[in-house]
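Input: a single structure, listed below in structure tokens.
Order of the sequence lines fixes the chain letters, A, B, ..., with proteins taken first and strands second; residue numbering starts at 1 for each chain.
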Amino acid sequence: MEIKHEGRVMTVMLTGELDHHTCSKIRQKIDSCAESERPALLCLDFSGVQFMDSSGVGLVMGRYRQMSLIGGRVQVVNVPDNMERMFVMSGLPALGVMK
Amino acid sequence: MNSQNEMNLSFDAKSINEGFARSAVAAFILPLDPTIVELSDIKTAVSEAVTNCIVHAYGYSEGTIYINVKIQDNSRVIIRIRDKGCGIENVKKAMEPLYTTGGEERAGLGFAVMQSFMDRVRVRSAQGKGTTVTMEKAIIRRASPDRA
Ligand SMILES: Nc1ncnc2c1ncn2[C@@H]1O[C@H](COP(=O)(O)OP(=O)(O)OP(=O)(O)O)[C@@H](O)[C@H]1O
Ligand SMILES: [Mg+2]
């Protein structure tokens with residue numbers, strides 16, 4: 001996982017397998033970074049994700065809540081086709097989170 | 001002609017084992033030559049059920065998770081994932097999409113994912129005793145041996 005900052009945009013390049021085990025570590029890194037940088041937009045890039053279960057959706061929902069607390073937004077990009085249906089089930093697309 | 005193959009697995013309810021559990025099940029069904037999508041559907045469903053044992057059934061404390069996989073007629077996969085944890089009070093409610101007792105970091109999608117990625121999901125649960133999730137999926141038998 002790699003985190004980049006461009007202006008007030010914080011981009012997280014997610015990689016590998018997103019499950020409950022890996023997501024708890026990823027979440028801590030993202031939240032501590034967002035807390036210090038206070039970005040206006042948190043961009044979660046899924047292009048490097050090889051496997052994901054509903055914990056990946058939970059990760060996005062949790063960050064959506066965290067970012068609204070500091071007045072920022074979340075955007076999810078490059079979700080592989082086979083993982084898209086889990087996001088659709090969650091209702092996140094209706095919140096304008098998916099690109 | 002009624003061929004059957006079976007495996008049993010038991011392991012500690014620790015989150016580090018989530019990846020092991022879904023990979024082990026995937027490795028067992030690999031001789032059926034599933035498509036990448038079929039394999040990924042099964043791995044995802046297993047990951048959901050195993051995670052539920054760790055997060056909900058045992059509430060992050062010690063416990064054992066039991067997996068039984070049966071392959072029937074070289075095509076039907078039956079996966080049973082069992083815990084001896086707290087049990088589920090209202091299974092019907094627990095299976096509703098977006099229902100969660102897991103707080104802000106859980107989507108409440110585990111059962112919905114299992115139901116949509118597998119052909120059939122059954123849940124048996126007794127409070128204080130534990131929960132058994134049984135999932136079935138038919139792997140389409142393919143004529144040509146060279147499909148990805
Ligand atoms: N093995 C289990 N033992 C006890 N309770 C369970 C078990 N599996 C599920 N539950 C209960 O059912 C609810 C719904 O489970 P489900 O997997 O659908 O969502 P979740 O685990 O809360 O969130 P997600 O799977 O999206 O991370 C859980 O919140 C929990 O209350
Ligand atoms: Mg779950």
To the closest 0.5 Å, what do you measure between [atom1] ([X]) and [atom2] ([Y])?
X        : Y       : atom1 : atom2 : answer
B:Thr44  : A:Asn82 : OG1   : CG    : 7.5 Å
B:Ser116 : A:Met89 : OG    : CE    : 3.0 Å
B:Asn52  : A:His20 : CG    : NE2   : 10.0 Å

Greatest number of heavy atom pairs closer than 4.5 Å to chain B - which of A:Gln66, A:Met86, A:Met52 = A:Met86
Taking side chain as C-beta onward, heavy atoms only, is A:Arg63 less than 4.5 Å from B:Glu105?
->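 Touching, per the 4.5 Å side-chain cut-off.
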Are there more than 12 heavy atoms of other residues, nucleotides or ligands under 6.0 Å from atom CG of A:Asp81?
-> no
Exceeds 12 heavy-atom contacts within 6.0 angstrom, atom CZ of A:Arg85 | yes
Going by atom types only, do A:Ser54 and B:Arg106 share a side-chain donor-acceptor pair under 3.5 Å?
-> no
Tell me yes or no: between the side chains of A:His21 and B:Ser15, is some donor less than 3.5 Å from an acceptor?
-> yes
Relative to chain A, which of B:Pro97, B:Ser47, B:Gly108, B:Ala45 shows the most heavy atom pairs under 4.5 Å?
->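 Top option by heavy-atom pairs under 4.5 Å: B:Ser47.
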Salt bridge flag under 4.0 Å for residues B:Glu104 and A:Arg27 = no
Shared hydrophobic cluster, [X] / [Y] (ILVMFWY, side-chain heavy atoms < 4.5 Å):
X        : Y       : value
B:Val133 : B:Leu9  : yes
B:Ile139 : B:Ile79 : yes
B:Val55  : B:Ile16 : no
A:Val9   : A:Phe46 : no
A:Ile26  : A:Val97 : yes

When you look at A:Asp19 and B:Lys43, which way does the salt bridge (charged side-chain N to carboxylate O under 4.0 Å, His left out) test go after all the steps?
-> CA-CA 11 Å; A:Asp19 61 16; B:Lys43 282 174 77 174; over 6 Å; no
[X], part contacting chain A, at a heavy-atom distance under 4.5 Å:
X       : answer
B:Leu98 : side chain
B:Val50 : neither
B:Thr51 : side chain

Stepwise side-chain contact (heavy atoms from CB on, under 4.5 Å) test for B:Glu18 and A:Glu17 | CA-CA 11 Å; B:Glu18 290 158 4; A:Glu17 310 214 326; over 6 Å; no
